[in-house]
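Below is one structure, written out as structure tokens, with a few remarks after it.
Computed from heavy atoms alone, side chains included, the values below leave out hydrogens, waters and symmetry copies. Chain letters run A, B, ... following the sequence lines, proteins first and then strands; every chain starts at 1.
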2 protein chains.
Amino acid sequence: MSSRTDAPTRREQILGEAARLFAERGFHGVGVDEIGAAVGISGPGLYRHFAGKDAMLAELLVGISERLYTGGRRCLAESAGAGLGPEAALDALIDRHIDFALDDRALITLHDRELDRLRDSDRKLVRQLQRQYVELWVGVVREVHPALPEKEARASVHAVFGLLNSTPHLSRPSALPDRATTAALLHRLARGAFAAAADGARNADGAAGA
Amino acid sequence: MSSRTDAPTRREQILGEAARLFAERGFHGVGVDEIGAAVGISGPGLYRHFAGKDAMLAELLVGISERLYTGGRRCLAESAGAGLGPEAALDALIDRHIDFALDDRALITLHDRELDRLRDSDRKLVRQLQRQYVELWVGVVREVHPALPEKEARASVHAVFGLLNSTPHLSRPSALPDRATTAALLHRLARGAFAAAADGARNADGAAGA
DNA sequence: TTGCTCGGTTAGTGAGCGTTAACCTCGCCA
DNA sequence: TGGCGAGGTTAACGCTCACTAACCGAGCAA
């Protein structure tokens, strides 16, 4: 009984600020002194909590990949457990991902920006989790849209991730409508994209001209 | 009579390699020696062509922003000149952006990743060009889908950029279908996304519940 | 020939930064 | 009360890296 939005431990506090700073200025663009200052201690004090700057990034990236993947699995399990069909499952996956993109913008940004700064083993782990997460989506998308070939489904999933993850790239978030409207809009965009991909694949099936 | 895929000048060669390297490992992750080595000269020889590392990044980012914006304007002008409607104009914009995303993957990656490494004046310029480019799209999208409110149209355009720019993020491009198929797929995804955004906006107009 | 510019070279410098060392001070348990 | 570990501090080290200095050889014009 201690983890749920209790007072954040020092480690968590550091990770949060590090994520924000890394997302803002890039891993190499942020010094340890800055991270320390952001949590009120200075510089090398961080080494009481982490082995080094790399370790912070690794923990962030592995953490988010795991949360995305296990969260996605839980989504599908719950949806199946409730006897719902693939449409509802896809909706649930999309909504969960949108929550992530809107709530943890910094982490989303890091996720596809700083992956190659990791040690080989960590990078492999993150890549594997990402792949599994993608395959989760591909499976559901192809249940909803059986006409879509697997390769195109996978490319579509990647593209929709780009779509859903686009809001953190905005310079000033004030340009967005309120959260609920934005979430609904992103959801519609994603569903519409998948539907169009499948539609086009069906039409192009026999007639591959203009 | 000297620029069109003639032998690339040294400057262009350097810029090309720098773009590739920056995209791969980030601006701070690449040393000048590496860039030099990539074009066969070593290290400080670059300073005969550029004032510094920053200048290369600036030229790359300003260059791509300008090409996107002026390219988009030309698209619309040609489309209007041919007496075509907004649907065709939107298709042309999308296709042009897809060409960009597929041909200049490195530049697309840099474009939204390293913008804050620039001097203030350059960053302002790039931001302004980006804004103008977005507004180009917003105008056309709202002609095609008048039901879509401006704020949502703008957010949708940003999201679709994320979608179209997603392919460079792929670890290995071999996962994609061939270029023509990919381009067609991306086009369908983008159009489908816009259509769904507009559709939902129309439906949600009077009934804002579940 | 002379001499200048263009585009290289290698050596060196100075700053920034991740990391470590050495030390200090609470709070707590025996 | 005495010790000790957890979590800080400042100082310093060493490496990396952008950039500069000094030099050089080809091409070419006068």
Side-chain angles (χ1 to χ4, degrees), chain A residues 2-3 6-61 110 113-123, chain B residues 2-3 6-61 110 113-123:
Chain A
S2 77
S3 64
D6 263 348
T9 154
R10 202 86 230 227
R11 276 181 71 87
E12 292 168 340
Q13 200 186 10
I14 294 172
L15 283 177
E17 294 301 312
R20 186 178 56 78
L21 289 167
F22 289 161
E24 272 174 16
R25 299 208 294 285
F27 180 69
H28 283 111
V30 179
V32 289
D33 290 354
E34 250 169 315
I35 303 173
V39 298
I41 73 183
S42 239
L46 296 171
Y47 287 77
R48 301 287 164 197
H49 303 275
F50 293 92
K53 204 179 153 198
D54 299 340
M56 300 182 210
L57 183 65
E59 190 155 331
L60 284 171
L61 292 188
L110 285 184
R113 190 168 294 198
E114 310 279 4
L115 197 130
D116 22 340
R117 264 52 135 192
L118 261 50
R119 307 203 332 264
D120 266 27
S121 62
D122 286 327
R123 186 170 54 247
Chain B
S2 78
S3 64
D6 263 349
T9 155
R10 202 83 227 230
R11 275 181 71 87
E12 292 168 339
Q13 200 185 10
I14 294 172
L15 283 177
E17 293 302 311
R20 186 178 56 78
L21 289 167
F22 289 162
E24 272 174 17
R25 299 207 293 285
F27 179 68
H28 282 112
V30 179
V32 288
D33 289 354
E34 249 170 316
I35 303 174
V39 298
I41 74 182
S42 238
L46 296 170
Y47 289 78
R48 301 286 165 198
H49 303 274
F50 293 93
K53 204 179 149 196
D54 299 340
M56 300 183 210
L57 184 66
E59 190 155 331
L60 284 172
L61 292 188
L110 284 184
R113 191 168 293 197
E114 311 280 4
L115 198 130
D116 22 338
R117 262 55 133 192
L118 260 51
R119 306 204 331 265
D120 266 27
S121 62
D122 287 327
R123 186 170 55 246

message: What is the distance, to the nearest angstrom, from the CZ atom on B:R10 to the P atom on C:dC6?
response: 16 Å
- prompt: Starting at CE of B:M56 and ending at C1' of D:dC19, how long is that distance when rounded to a whole Å?
  reply: 11 Å
- line: Looking only at C:dG18, C:dT10, D:dA18, the nucleotide nearest the B:P44 side chain is C:dT10
query: Quick one: which of C:dG18, D:dT9, D:dT20 gets closest to the side chain of A:S42?
result: D:dT9
- prompt: More 5' along DNA chain C: A:G29 or A:A51, using each one's nearest nucleotide?
  reply: A:G29
task: Identify the heavy atoms of B:I35 and B:A18 that sit nearest to each other, and give their distance.
output: CG2-CB, 4.1 Å
task: Could you check if a side-chain atom of A:F50 sits within less than 4.5 angstrom of a side-chain atom of A:R11, using non-hydrogen atoms only?
output: yes
- request: May I ask you to evaluate whether B:R48 reaches the phosphate of C:dT5, defined as a side-chain N or O under 4.0 Å from OP1 or OP2?
  value: no
message: Once you apply a heavy-atom cut-off of 4.0 Å, does A:G45 come out as touching a base, just sugar-phosphate, or nothing?
response: base
task: Round to the nearest Å and state the distance from A:I41 atom CD1 to C:dC26 atom C1'.
output: 16 Å
task: Return the value, rounded to whole Å, for the distance between atom CG of B:L46 and atom C1' of C:dT10.
output: 15 Å
- request: Please report the shortest heavy-atom distance between A:A23 and A:L110, naming the atom on each side.
  value: N-CD2, 3.8 Å
message: Rounded to whole Å, please give me the gap between CZ in B:R117 and P in D:dA18.
response: 14 Å
task: For B:G43, answer base if it contacts any base atom (sugar-phosphate contacts may also be present), sugar-phosphate if it contacts only those atoms, and nothing otherwise; contact means non-hydrogen atoms under 4.0 Å.
output: nothing
- prompt: Given atom OH of A:Y47 and atom C1' of C:dT19, what is their separation to the nearest angstrom?
  reply: 5 Å
query: Taking C-beta and beyond as the side chain, do A:E114 and A:L57 meet within less than 4.5 Å on heavy atoms?
result: yes
- prompt: The side chain of A:V32 lies closest to which of these nucleotides: D:dT20, C:dG18, D:dA18?
  reply: C:dG18
query: D:dT20 P sits how many Å from B:F50 CZ, rounded?
result: 15 Å
message: What is the distance, to the nearest angstrom, from the CZ atom on A:F27 to the P atom on D:dT16?
response: 16 Å
query: Can you find a side chain N or O atom of A:H49 that sits less than 4.0 Å from OP1 or OP2 on D:dA6?
result: no
query: Which part of the nucleic acid, if any, lies within contact of A:V30, taking any heavy atom under 4.0 Å across all strands shown: a base, the sugar-phosphate backbone alone, or nothing?
result: sugar-phosphate
field: Shortest non-hydrogen contact between B:V39 and B:I14, atoms and distance
entry: CG1-CA, 3.9 Å
